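Working notes for the structure below.
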Amino acid sequence: MQAKFNKKTSFAYLMGVYLGDGEINKSYKFEVFRLNTKDKDFAETTKQAILICRGDEYNLKKSTAFTGKLRKLTLTEHEVTMRKVYKVKPANYFNVYASSAKLFKKMAKMTNNKTKFPKEIFNWTKEERKYFIIGQMDSEGYVAKPNKNKSLITSTGRSVHMGFKITDTYIFKNFLKLLDMSKIEYGKIGSHPTKNKIAYRITIKLQSWINAGFFLSIKRKQDLIDKFNITEPYSERSKYPRIIK
């Protein structure tokens with residue numbers, strides 16, 4: 001589903017992506033934003049958010065080779081080289097690269113270089129908070145079917161489940177508060193060790209996500225949500241009873 005951005009919602013979405021898969025680094029005397037993802041639509045949405053939020057920014061510093069030139073905003077596809085360690089060839093990935101004299105410096109400052117959660121987000125409008133959550137879910141969320149060995153998926157698609165997983169506790173705790181403010185329901189908090197950190201996760205009640213009017217920009221995830229939502233209520237689902245092995 002395509003996001004309908006304005007300047008404020010594009011900034012909110014971008015902040016969600018930055019506190020997820022995005023990164024900001026200093027290059028020379030300006031900040032650069034990068035995102036690597038296998039989902040082209042995620043990359044395109046992020047690029048669109050930067051364009052709306054940053055606009056066409058020109059390099060105004062004097063006496064450099066870039067003076068007067070438009071600052072970069074690119075989306076590039078990279079092919080992954082097949083190696084012996086791979087059982088199958090990995091999918092290509094997409095890189096979003098952008099530079100700015102002000103925008104990314106502001107984002108890095110708000111988060112203390114991605115080490116604290118910006119409390120001002122709780123004072124944003126409902127729509128801005130919505131787009132921040134969507135940016136986080138595009139980055140760190142998942143939508144999937146259960147293991148096929150455990151059950152047969154009914155044609156109603158009601159077996160789809162959604163969740164959120166991240167290793168940064170300062171983001172995780174505040175993300176839950178934002179879900180509460182948006183009346184999105186979720187299950188118990190779980191955790192498991194990763195290579196270097198503990199990952200914290202929740203399962204989100206998908207119907208509450210839909211009822212709140214939320215969506216994802218990544219088509220492969222949104223398609224599963226749409227499948228979940230196409231047939232209701234029980235009178236329809238009962239035509240195709242779930243078979244548990």
Side-chain angles (χ1 to χ4, degrees), residues 1-81 89-118 120-121 124 127-141 166 168 171 215-222:
M1 187 176 292
Q2 191 171 8
K4 296 179 181 179
F5 289 131
N6 56 41
K7 279 222 166 187
K8 289 186 175 182
T9 56
S10 62
F11 180 75
Y13 178 82
L14 205 54
M15 282 294 291
V17 174
Y18 171 49
L19 288 176
D21 291 335
E23 62 176 85
I24 293 174
N25 303 111
K26 198 170 185 65
S27 176
Y28 300 102
K29 293 185 178 181
F30 55 87
E31 275 69 27
V32 219
F33 177 94
R34 290 184 178 88
L35 171 71
N36 290 325
T37 175
K38 68 178 182 180
D39 293 291
K40 186 178 180 181
D41 41 12
F42 181 23
E44 288 172 339
T45 303
T46 302
K47 182 183 176 184
Q48 181 195 14
I50 294 171
L51 182 60
I52 293 172
C53 195
R54 189 201 71 174
D56 289 333
E57 185 178 316
Y58 291 85
N59 191 324
L60 301 178
K61 290 187 179 295
K62 296 179 180 179
S63 304
T64 74
F66 303 102
T67 302
K69 293 185 178 180
L70 190 66
R71 289 198 182 276
K72 282 189 175 182
L73 174 53
T74 60
L75 193 166
T76 312
E77 182 175 3
H78 296 269
E79 185 174 356
V80 180
T81 305
K89 187 178 182 300
N92 293 352
Y93 72 94
F94 300 86
N95 170 263
V96 178
Y97 174 97
S99 63
S100 174
K102 295 181 180 179
L103 174 60
F104 305 132
K105 184 176 183 179
K106 176 184 176 181
M107 292 170 64
K109 185 177 180 181
M110 283 177 66
T111 63
N112 193 25
N113 293 317
K114 211 170 174 179
T115 61
K116 75 177 184 72
F117 193 88
E120 51 264 57
I121 290 178
W124 284 357
E127 194 70 2
E128 288 172 279
R129 293 196 303 269
K130 171 182 174 178
Y131 273 90
F132 174 84
I133 291 171
I134 292 171
Q136 280 272 276
M137 286 296 294
D138 276 347
S139 291
E140 305 292 349
I166 198 166
D168 299 291
I171 296 175
F215 62 90
L216 296 173
S217 73
I218 298 174
K219 187 177 184 297
R220 65 182 176 85
K221 295 181 181 180
Q222 185 59 42

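The basis for the numbers below is simple: all heavy atoms, side chains too, and nothing from hydrogens, waters or symmetry mates. In this text, all values refer to a predicted model and were calculated from it rather than measured experimentally.
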Non-hydrogen atoms of [X] and [Y] that approach each other most closely:
X	Y	result
Ile24	Phe33	CG1-CD1, 3.9 Å
Ala43	Leu35	CA-CD2, 4.5 Å
Arg129	Trp124	NH1-O, 2.6 Å
Pro118	Thr111	CG-CG2, 3.7 Å
Ile171	Leu19	CD1-O, 3.2 Å
Ser139	Gly20	CB-CA, 3.8 Å

Going by ring pair (Phe, Tyr, Trp, His ring centres under 6.0 Å), name the residues that satisfy it together with Tyr97, two or more places apart in sequence or in a different chain.
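Result, ring pair (Phe, Tyr, Trp, His ring centres under 6.0 Å) vs Tyr97: none returned.
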
Does atom NZ of Lys8 have more than 12 heavy-atom neighbours, drawn from other residues, nucleotides or ligands, at distances under 6.0 Å?
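Atom NZ in Lys8 is not crowded, with 12 or fewer foreign heavy atoms closer than 6.0 Å.
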
[atom2] on [Y] to [atom1] on [X], rounded to 0.5 Å:
X	Y	atom1	atom2	answer
Asp21	Ile166	CG	CD1	8.5 Å
Lys114	Met107	NZ	CE	9.5 Å
Ile134	Ile218	CD1	CD1	11.5 Å
Asn92	Glu77	CG	CD	4.5 Å
Met110	Ile121	CE	CD1	5.5 Å
Thr37	Asn95	OG1	CG	10.5 Å

Should the ring pair Phe5 and Tyr13 be called parallel, tilted or perpendicular, given that the plane angle runs from 0 to 90° and is split at 30 and 60?
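Rings of Phe5 and Tyr13: tilted, 30 to 60°.
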
Mark yes or no for whether [X], through its side chain, and [Y], through its backbone, hold a donor-acceptor pair below 3.5 Å.
X	Y	result
Gln222	Ser217	no
Arg71	Ser99	no
Lys102	Arg54	no

Would you say the side chains of Thr9 and Glu127 form a donor-acceptor pair under 3.5 Å?
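Judged by distance alone, the side chains do not pair up.
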
Between Phe94 and Phe42, does the ring centroid distance fall short of 6.0 Å?
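That pair fails the under 6.0 Å test.
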
I need the full list of salt bridge (charged side-chain N to carboxylate O under 4.0 Å, His left out) pairs touching residues 30-46, with sequence neighbours left out, sorted by first then second residue.
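Applying salt bridge (charged side-chain N to carboxylate O under 4.0 Å, His left out) to every pair that reaches into residues 30-46, excluding sequence neighbours, yields Lys26-Glu31, Asp39-Arg220.
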
Suppose we screen for side-chain hydrogen bond (donor to acceptor under 3.5 Å, both in side chains). Which residues come up paired with Glu128, at least two apart in sequence or across chains?
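Only Thr125 meet the side-chain hydrogen bond (donor to acceptor under 3.5 Å, both in side chains) criterion with Glu128.
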
Within the 4.5 Å heavy-atom criterion, are [X] and [Y] side-chain neighbours or not?
X	Y	result
Leu14	Leu103	yes
Asn6	Ile52	no
Met15	Tyr131	no
Thr76	Val96	no

